[in-house]
Amino acid sequence: MSVSGHKMYDFEQFYMIHTRDLVKGYRSQEVQTPVLINVNIDIGEGEYVAIAGPSGSGKSTLFDIMGLLDQPDEGEIFFMGREVSTLDDKHRMKLRRGRIGYVFRQFNLVDELTVVENIELPLLYMDISRRSRKEMVEKSLHRFKLEHIRKSFPRQLTGLQQQITALARATVYNPPLLLADEPTGNLNSTGGNEILELLSEVNESGTTVVVFTNSVSDAQKTQRIIQLFDGHVVTDMAQKGN
Amino acid sequence: MRFLNFIKTFFRTIILHSGFSLLTLLGLSIGMAMSLLVLIYVYYESNYDRHWSDSSQIYRVYSYGEIGEEKIRSAVTPLPLCEALQKLDGVSLATNLVPGNRKLVSSAYIQSLESYFYYADAHFFEVFDLPFLLGEREGVLNDSNSVVITFSAAQRLFGQRNPLGEKLTLENGLEYVVTGMVEDVPANSHLKFDFVGNWLQVEGGMRKDPTLPHAGMLDNWLYLNSYTYFKLSETGASSEVLKQLSLEAVQKVNAQIAASFRLTDQAPGNIYLNFGIQPIHDIHLYSEVENEMGTVANPVYIMIFTAIAFFILLITAINFMNLTTAKASRRYKEVAVRKYFGAGRRFLVYQFLTEAVVYSFIALFVALVLVELLMPGFNLMFGIEMTSTGFIQQPDTIWILVITMLLGVLSGSYPAMFFSGLKPHLAINGAMKVKKWGVVIRGVLVSSQVVLSICLIVLSIGMYAQLRFLEEAPHGFEEEDAIALEWGAMDRDGLQKIREALEISGLVKAVGLAEYVPGDDPSVISFRQSGDSSQVVLLAVNYVDAGYFEAVGAEFVDGEVWAENDGLKASKVVLNASAARFLGYYENKQQALELVGGRSAGETYFFNVAGVVKDMAFAGVKEAARPMVFLPETSSNRAEHMIISFDTHAFEQGVEEVHRVWSREVPDRAIKLKALSEIKSGFYSEERRFANIAAMFSVLAIILTVFGKIGMAAFVVQYHQKNIFIRSILAAPFFRLLAYGLRGYWMYVLFGMALALPLSSFLLHLWLSGFKVAFTPGWIIYLYPVLILLFTSIVVAYLTGGREIKKEAHS
């Protein structure tokens with residue numbers, strides 16, 4: 001599905017993410033290295049999208065900007081209809097709290113916390129009562145079949161179990177948007193497939209899911225692939241059969 | 001609750017990274033324990049005499065004035081002052097305390113030579129409300145023959161028996177009946193007494209027989225001999241009392257001066273005496289008068305110690321910040337994840353502050369245990385009797401908790417700022433760079449800790465060297481193989497028997513008698529030079545016999561001692577060199593002295609100088625020797641000590657012999673003797689104490705510096721992480737990696753050393769400049785601290801640096 005045909009004035013009502021001519025570069029000493037060049041991406045609510053590209057194509061930078069963790073040097077980015085490119089750290093943080101979930105290649109669970117506590121962690125920063133938190137965590141444990149390892153620490157888990165826990169943590173508060181940065185990168189193919197399946201299920205339950213990956217086969221499991229190369233969007237196409 | 005989550009994470013962090021966490025905790029605990037000990041000491045010193053009820057209403061009167069060239073500032077006051085004081089507006093109660101000499105006190109069971117016998121009026125225990133263990137406070141001193149004794153005095157004289165109603169006989173013939181037993185006077189009181197007898201009995205005797213020695217003191221306003229205290233009435237103002245007191249005193253004193261100096265008109269301008277008042281709280285720290293009952297402290301030390309306590313806390317907090325952020329990358333992931341999922345800066349600040357505060361409270365617990373363990377050693381070092389119980393109670397617990405809380409917040413402030421400011425997307429990818437200023441800050445910290453350690457070590461070595469120098473300086477007496485035996489002014493026959501028995505033992509070189517021995521504070525009497533009646537001089541007076549000079553090993557520089565069988569010996573005196581110089585003995589061959597005023601009938605008042613001895617350092621060589629005149633002891637001015645010098649190598653045998661002779665001749669009396677060498681070493685107890693304290697702080701500084709260096713070493717390795725990794729891939733040997741990784745560490749350590757050497761030399765010379773005589777410090781003094789610091793730096797570099805490098809090389 002292509003979304004470029006929508007009228008300009010109503011995009012905010014339909015797009016989860018909408019970028020216009022994003023530019024981002026890194027400066028080291030006197031040399032400016034461009035990383036993203038005029039990137040225009042629109043992702044609608046409820047989509048399951050892969051942003052694919054080899055190393056160095058600008059995926060991670062785009063992940064940071066779309067995840068409201070970094071600012072572009074130029075251009076605009078709208079998140080749920082709100083222009084966020086010039087927002088400061090504090091406001092971006094408030095905006096992403098409860099609205100964006102993150103899954104990483106390295107899982108990034110907090111080593112000192114158990115599975116239950118890791119899943120509960122994002123809820124601590126939202127205004128949610130203890131009882132509701134407990135209910136939400138239980139629901140999530142059940143949804144991802146993690147009850148049997150609820151008291152385990154990350155170091156006691158397999159890579160797959162860790163990534164499922166990370167996914168549970170990212171979705172426990174039902175965020176409208178889930179960003180996954182190479183979620184299968186540290187897993188074997190079986191594990192990777194299982195994670196992609198789960199991401200698909202998350203998407204089916206209404207969350208917009210964006211997977212950043214350099215694996216073509218992973219990308220093909222989504223509904224739409226946006227191909228990045230050297231900082232440019234080279235193709236943007238809907239998947240057949242998805 | 002978020003708070004619980006923080007604490008949970010904190011404890012799990014400690015368990016997961018137990019090595020570094022325990023080190024951090026240990027650093028915090030040691031720092032807190034040391035500053036607690038110092039604060040307890042400060043508290044102890046600044047709370048003297050606060051245990052009396054209404055202690056802030058109690059004042060002591062002191063005397064000040066001038067006689068000739070001599071300025072007087074004395075804690076003792078004339079006897080009639082108390083009565084005059086009682087009549088003033090604003091005074092609810094006045095009382096006085098008259099020191100008795102060291103005297104032999106006999107109960108029905110035992111005799112004991114007691115140093116702290118005082119006389120007081122009936123109000124004494126109303127002003128100073130020591131708890132009564134036996135007897136009633138009300139009217140306890142009403143009878144003229146009543147005496148109140150302390151618990152330890154009762155144990156000495158009565159053992160386990162009930163002392164109430166028991167009789168005590170003093171060697172001056174007075175008899176007292178025990179009417180009360182009080183607790184011992186607390187160690188942090190300026191008062192030091194074991195017996196308080198009713199003064200009326202002494203006064204009554206003097207009134208009946210005015211020829212008794214010192215009888216003149218009863219109504220004499222120039223005779224300073226008693227401590228006077230008063231309690232303000234509820235509406236009284238101390239300034240008003242002082243005003244009235246001054247008016248009253250000037251009249252009485254002037255009349256007395258006129259009478260004593262046989263002047264019909266006004267007293268000469270260079271003689272005056274007046275009175276001041278001081279709250280009893282202030283006596284220990286701020287009193288600048290002489291003749292104190294006990295020793296007083298210098299408030300500057302208290303300020304320095306308070307500053308040191310807080311300085312230790314500050315260094316401890318900085319070390320904590322250093323250690324908790326040295327291996328920051330360990331927590332980058334956790335912080336980044338929290339930030340990804342919506343933790344704002346505020347939450348993270350709370351989290352890290354909570355951690356630091358919890359750390360501080362655990363450290364407080366460990367520190368309190370350490371304080372209990374270290375207290376006995378600390379008491380010994382400071383030469384005091386303090387316990388932590390006086391301090392750790394309401395409301396001081398609140399203060400400890402507040403200080404711990406603040407320490408936690410201070411310690412946590414930097415980690416909180418540091419971590420909460422992380423960019424999560426950089427931290428999570430390992431792209432966070434350790435900033436150079438982190439190295440600089442830690443470097444400056446390490447350099448300053450090195451400077452502090454070296455200065456303290458140099459100072460403490462210098463203090464011990466100066467102590468040795470002082471002890472080895474000539475003191476004008478031979479302390480080796482000599483003892484001072486306390487006798488008291490009693491029964492000469494017994495004394496003579498002991499003397500004879502010792503002389504035939506063949507172990508004794510010489511025996512002499514003296515009223516004062518080195519270490520005593522001799523009384524001072526005013527004399528007139530016989531040629532110049534307008535000049536009044538104050539000289540310390542010591543009543544001795546002819547044998548004294550040989551027994552103490554005094555060296556005559558002119559003339560000789562009187563012969564014991566000389567019929568005219570009562571009019572002969574020996575001067576010390578200072579007195580000879582003071583009186584112009586050498587220039588004018590001034591050879592005669594006249595006693596001024598206060599003499600009783602038949603007393604000799606005109607003396608010829610028979611000889612001059614070298615100065616004897618009665619209070620050590622720190623102070624110039626006082627001009628002193630040695631007079632032959634008489635029946636009214638009896639020597640109270642026997643000085644016995646033994647033949648070389650016969651000291652121990654000789655002391656045994658003294659014990660044997662004593663128990664044969666006076667079996668019912670406890671013997672009291674002191675080696676002169678012990679007395680001499682007592683002169684420098686303060687120097688020894690401060691040297692010990694400096695040594696203690698040196699050790700602490702070295703420990704704190706080690707913590708600082710551990711943090712620095714771990715941090716610089718992290719700073720060079722990438723380069724170390726690359727070099728290790730290129731197969732660089734471990735020691736090359738170590739040398740490379742720790743370049744910055746060594747730079748700051750060596751910089752600190754270079755800075756410390758001139759600074760410590762300056763400080764040592766500054767400290768030594770306060771002494772009349774001082775040693776010359778050699779270079780070796782500076783070598784020791786440098787070696788110690790180098791050694792600890794190498795160990796830290798090898799252990800911490802090495803460990804971190806191995807980790808980085810394999811990461």
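Here is how names work: the chains are called A, B, and so on, in the same order as the sequence lines, proteins then strands, and each is numbered from 1.
A salt bridge does not link Lys24(A) with Asp64(A): none of the charged nitrogens is closer than 4.0 Å to a carboxylate oxygen. Taking a cutoff of 4.0 Å between a charged side-chain nitrogen and a carboxylate oxygen, Arg12(B) and Glu117(A) qualify as a salt bridge.
Of the atoms belonging to Leu113(A), heavy atoms from both backbone and side chain fall under 4.5 Å from chain B. At a 4.5 Å heavy-atom cutoff, the contact between Leu109(A) and chain B is made by backbone atoms alone. Heavy atoms closer than 4.5 Å to chain B are found nowhere in Arg99(A), neither backbone nor side chain. For Asp89(A), the part lying near chain B is the side chain, with the backbone staying farther off; criterion is any non-hydrogen pair under 4.5 Å. Of the atoms belonging to Thr61(A), not a single heavy atom falls under 4.5 Å from chain B. In this structure, no portion of Arg331(B) lies under 4.5 Å from any heavy atom of chain A.
Options Lys94(A), Arg96(A), Arg105(A) differ in how many heavy-atom pairs under 4.5 Å they form with chain B, and the most are formed by Arg96(A). With chain A as partner, the option from Gly342(B), Pro424(B), Gly344(B) having the largest number of non-hydrogen pairs under 4.5 angstrom is Gly342(B). Comparing Ser60(A), Gly67(A), Pro122(A), Ala170(A) by heavy-atom pairs within less than 4.5 Å of chain B, the highest count is held by Pro122(A).
Between Phe352(B) and Phe419(B), the ring planes lie parallel to each other; the angle is under 30°, not in the 30° to 60° tilted range.
Contact of the Ile41(A) side chain with the Val233(A) side chain is registered, since non-hydrogen atoms from C-beta on lie closer than 4.5 Å.
For the atom pair CG (Leu799(B)) and CD1 (Ile710(B)), the distance works out to 8.5 Å, reported to the nearest 0.5 Å.
When each of Asp73(A), Val23(A), Ile65(A), Asp21(A) is tested with Leu36(A) by the rule side chain to side chain contact (heavy atoms under 4.5 Å, CB included), just one qualifies, namely Ile65(A).
Across Lys59(A) and Asn214(A), no two heavy atoms sit closer than the pair NZ-CB, 3.8 Å.
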